[in-house]
Peer 1: 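Attaching a single structure in structure tokens format; questions to follow.
Since we're looking at a predicted model, the values are computed, not measured. Counting from 1, the numbers follow the sequence of the chain as shown.
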Amino acid sequence: MMENGIFFSIISFFYCIFVTILFFSKKKIKNNETKLYGILLIITLIGLFLEVVPTTMAIRGVISCPKSFTLFLLRIILVYLLVWLSLFT
């Protein structure tokens with residue numbers, strides 16, 4: 001059984017993959033809204049990947065990395081959040 005609520009993130013990752021495949025496989029009107037939505041979908045996939053993989057590895061005890069790598073990963077997640085939020089302004 002998944003621990004610490006990671007189950008929701010994993011299901012969200014698969015759902016987002018499904019929505020992204022549907023969005024990019026269909027013919028659509030090219031305007032600013034659809035372009036922005038496509039960018040948000042891709043950024044969301046990257047963010048979910050950045051959340052799910054390290055968390056799953058930490059829960060299973062696989063990850064044993066130096067502190068500098070952990071700090072780098074946290075900064076990447078912060079940059080992801082800032083980019084995601086900046087697309088709404």
Peer 1: Can you name the one residue among I21, L22, V19 that meets side-chain contact (heavy atoms from CB on, under 4.5 Å) with L41?
Peer 2: V19

Peer 1: So, N32 side chain and K35 main chain: donor-acceptor pair closer than 3.5 Å or not?
Peer 2: no

Peer 1: Flag yes if L81 and L74 sit in one hydrophobic cluster, no otherwise; membership is Ile, Leu, Val, Met, Phe, Trp, Tyr, and two members link when side-chain heavy atoms are under 4.5 Å apart.
Peer 2: no

Peer 1: What's the spacing between T44 OG1 and I17 CD1 if we round to 0.5 Å?
Peer 2: 12.0 Å

Peer 1: Compare all side-chain heavy atoms of I10 with those of F14 and state whether any distance is below 4.5 angstrom.
Peer 2: yes

Peer 1: How many angstroms lie between CG in L40 and CG in L87, if you round to the nearest 0.5 Å?
Peer 2: 5.0 Å

Peer 1: Do N31 and T34 have side chains that get closer than 4.5 Å, going by heavy atoms?
Peer 2: yes

Peer 1: Assigning hydrophobic clusters by single linkage (Ile, Leu, Val, Met, Phe, Trp, Tyr; side-chain heavy-atom cutoff under 4.5 Å), is L85 placed with I42?
Peer 2: yes

Peer 1: Test your reading of the model: is there a side-chain donor-acceptor pair from T20 to the backbone of C16, 3.5 Å cut-off?
Peer 2: yes

Peer 1: May I ask you to check whether over 12 heavy atoms, not counting those of Y15, lie within 6.0 Å of atom OH?
Peer 2: no

Peer 1: Do the ring planes of F13 and F49 sit parallel (below 30°), tilted (30 to 60°) or perpendicular (above 60°)?
Peer 2: tilted

Peer 1: For residues L36 and E33, determine if any side-chain heavy atom of one lies less than 4.5 Å from a side-chain heavy atom of the other.
Peer 2: no

